[in-house]
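Read through the structure below, which is laid out as structure tokens, and then see the notes.
Since this is a predicted model, take the numbers as computed values, not measurements.
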Protein chains: 2
Amino acid sequence: MSHTHVHESHEQLKDALDTLKQTGVRITPQRHAILEFLVESMTHPTADDIYKALEGTFPNMSVATVYNNLRVFREIGLVRELTYGDTSSRFDFITTEHYHVICESCNKIVDFHYPGLDEVEQFASHVTGFEISHHRMEIYGKCPSCSNKDLH
Amino acid sequence: MSHTHVHESHEQLKDALDTLKQTGVRITPQRHAILEFLVESMTHPTADDIYKALEGTFPNMSVATVYNNLRVFREIGLVRELTYGDTSSRFDFITTEHYHVICESCNKIVDFHYPGLDEVEQFASHVTGFEISHHRMEIYGKCPSCSNKDLH
DNA sequence: TGTTACTTTATAATCCTTATAAACAGTGTA
DNA sequence: TACACTGTTTATAAGGATTATAAAGTAACA
């Protein structure tokens, strides 16, 4: 399982780097590291999380570099920006389509898969006349470990 | 139709003011005006929109007053805060449950009704073990008038 | 090699939101 | 009425996230 995960991450990183090449975006050490961190992290990090995580390896890296490159990645479709209620955006490496469940007490984010809500999009298009491009959905609640804490 | 709308707005405002009384929140002129503006506006305004809209009537009102009262209204369930992709929050007077379609080119927000996605919540609860409290969903696309502009 | 375009860095600026403290207003009580 | 108490508004400062700017660095390429 862990072995599989490592292997998948490696593939995903390779694919992402290929996309960079195809799009004509240079693969700098910083970009490589940011992508690698995103692919391997399961935590939906903020820009600052990424900055802090990499400052050991890149002591001189600027926060602006993180933001700039996250924007680049978003524009070429490698990364999704999540604007939840909290103050700062979180960033999510795009693999397969999935939704998020968010713990309202510890802010943990857990992925889950669910067949796309195409009917909702079609319905909305019908009643509003919009050309629909996509949708977002998040579910809020309390994670198992926070539920347990409340019992004590 | 217009007459009906005015009448409904009036009822909604009255109900909201009743809620304030019941909750022990004082009805100040500023609060009255902010609520009235929210009820009658169909535009999901930002805090700054509200501030600008009322500065004619309240030349000395502080931005903090708008933010403070929007927080109060949110806490007692009169108002919902929408944190979409753009930089600032938008505020929505809560009437009946509905979802939003957002135009990616002019940022217009249109309401639409759709039966709640209870199955999705139940599914998420099942696979993640979360206690679910609620969800949010928005649909993105291009509104009819922006679609037309693109044709010329 | 030299030129060009892209990238990073460092820093300043911007924007949204919240915190703070003083002034103000309403409410209740002696 | 006078007084104290509490909640509210105001004005302003402070905070935090993100973007803009300009200079320095680096890769690509004629």
Side-chain angles (χ1 to χ4, degrees), chain A residues 16-17 19-37 44-76 78-92 107, chain B residues 16-17 19-37 44-76 78-92 107:
Chain A
L17 295 173
T19 305
L20 290 190
K21 268 181 205 146
Q22 287 163 21
T23 328
V25 175
R26 281 191 202 154
I27 303 174
T28 65
Q30 293 88 339
R31 283 180 179 156
H32 191 283
I34 294 172
L35 271 180
E36 191 174 27
F37 181 78
H44 311 80
T46 63
D48 197 58
D49 291 337
I50 300 172
Y51 177 64
K52 286 204 172 59
L54 300 182
E55 72 182 355
T57 329
F58 297 90
N60 295 322
M61 186 169 65
S62 166
V63 211
T65 301
V66 177
Y67 279 101
N68 287 338
N69 289 326
L70 287 172
R71 175 160 30 81
V72 170
F73 296 157
R74 170 163 52 78
E75 283 167 356
I76 64 181
L78 286 178
V79 159
R80 173 166 302 142
E81 182 173 357
L82 311 172
T83 55
Y84 294 158
D86 46 355
T87 44
S88 47
S89 287
R90 297 170 172 280
F91 295 87
D92 196 12
N107 290 317
Chain B
L17 294 173
T19 306
L20 290 191
K21 268 182 207 147
Q22 286 163 22
T23 328
V25 175
R26 281 192 202 152
I27 304 175
T28 65
Q30 292 88 339
R31 282 181 178 155
H32 191 284
I34 295 173
L35 271 181
E36 190 174 28
F37 181 78
H44 311 82
T46 63
D48 197 58
D49 291 337
I50 299 172
Y51 176 64
K52 288 204 170 61
L54 299 182
E55 71 181 354
T57 329
F58 297 89
N60 294 322
M61 185 171 63
S62 167
V63 212
T65 301
V66 177
Y67 279 101
N68 287 340
N69 290 325
L70 287 171
R71 176 159 32 79
V72 171
F73 297 156
R74 172 162 52 76
E75 284 167 356
I76 64 180
L78 286 179
V79 159
R80 172 166 300 142
E81 183 174 358
L82 310 173
T83 56
Y84 294 158
D86 46 355
T87 42
S88 46
S89 288
R90 296 170 172 279
F91 295 87
D92 198 10
N107 290 317

Practice prompt. Would you check if there is a donor-acceptor pair between the side chains of B/T46 and B/D49 at a distance under 3.5 Å?
Written response: yes

Practice prompt. Quick one: pull up CG in A/D48 and OG1 in A/T87 and give me the separation to the nearest 0.5 Å.
Written response: 10.0 Å

Worksheet item: Got a sec, which pairs hit salt bridge (charged side-chain N to carboxylate O under 4.0 Å, His left out) with one end in residues 23-34 of chain A, sequence neighbours left out?
Response: none

Discussion item. From CG of A/L20 over to P of C/dC6, roughly how many Å is that when rounded to an integer?
Written reply: 16 Å

Item to complete: Starting from C1' on D/dA17, measure out to CZ on A/F91 and report it in whole angstrom.
Response: 10 Å

Worksheet item: To the nearest 0.5 Å, how far apart are CZ in A/R90 and CD1 in A/I50?
Response: 10.5 Å

Worksheet item: So what does A/R31 touch, heavy atoms closer than 4.0 Å: a base, only the sugar-phosphate, or nothing?
Response: sugar-phosphate

Discussion item. Expressed as a whole number of angstroms, how long is the span from B/D49:CG to C/dC16:C1'?
Written reply: 13 Å

Worksheet item: Heavy atoms under 4.0 Å, any strand shown: does B/N69 hit a base, just sugar-phosphate, or nothing?
Response: sugar-phosphate

Worksheet item: A/Q30 CD to C/dC6 P: how many Å, rounded?
Response: 17 Å

Discussion item. Once rounded to the nearest 0.5 Å, what's the spacing between atom CD of A/E55 and atom OH of A/Y51?
Written reply: 6.0 Å

Worksheet entry | Nucleotide D/dT8, atom P - distance to CZ of B/R71 in whole Å | 11 Å

Item to complete: Taking only the side-chain heavy atoms of B/S89 (C-beta and beyond), determine which of D/dT9, D/dA17, C/dT17 contains the nearest atom.
Response: C/dT17

Worksheet item: Can you check the B/D48 CG to C/dT14 P distance for me, whole Å?
Response: 16 Å

Discussion item. The test is side chain to side chain contact (heavy atoms under 4.5 Å, CB included); show your working for B/L70 and B/E81 and say whether it passes.
Written reply: CA-CA 9 Å; B/L70 287 171; B/E81 183 174 358; over 6 Å; no

Item to complete: Please report the closest heavy-atom contact between A/F37 and A/A53, naming both atoms and the distance.
Response: CE1-CB, 3.4 Å

Discussion item. Does a side-chain N or O of B/T28 approach OP1 or OP2 of D/dT9 to a distance below 4.0 Å, or not?
Written reply: yes

Worksheet item: Which of the following nucleotides, C/dT8, C/dT17, D/dT9, is nearest to the side chain of B/A47?
Response: C/dT17

Practice prompt. May I have the distance from A/I50 (atom CD1) to C/dT8 (atom C1'), rounded to whole angstrom?
Written response: 17 Å

Item to complete: Choose from D/dT8, C/dT17, D/dT9 the nucleotide whose nearest atom is closest to any side-chain atom of B/R26.
Response: D/dT8

Response to the item:
Whole-Å distance, B/R90 CZ to C/dC15 P, equals 16 Å

Response to the item:
Expected list for residues 58-68 of chain B near DNA chain C, using heavy atoms below 4.0 Å, is B/A64, B/Y67

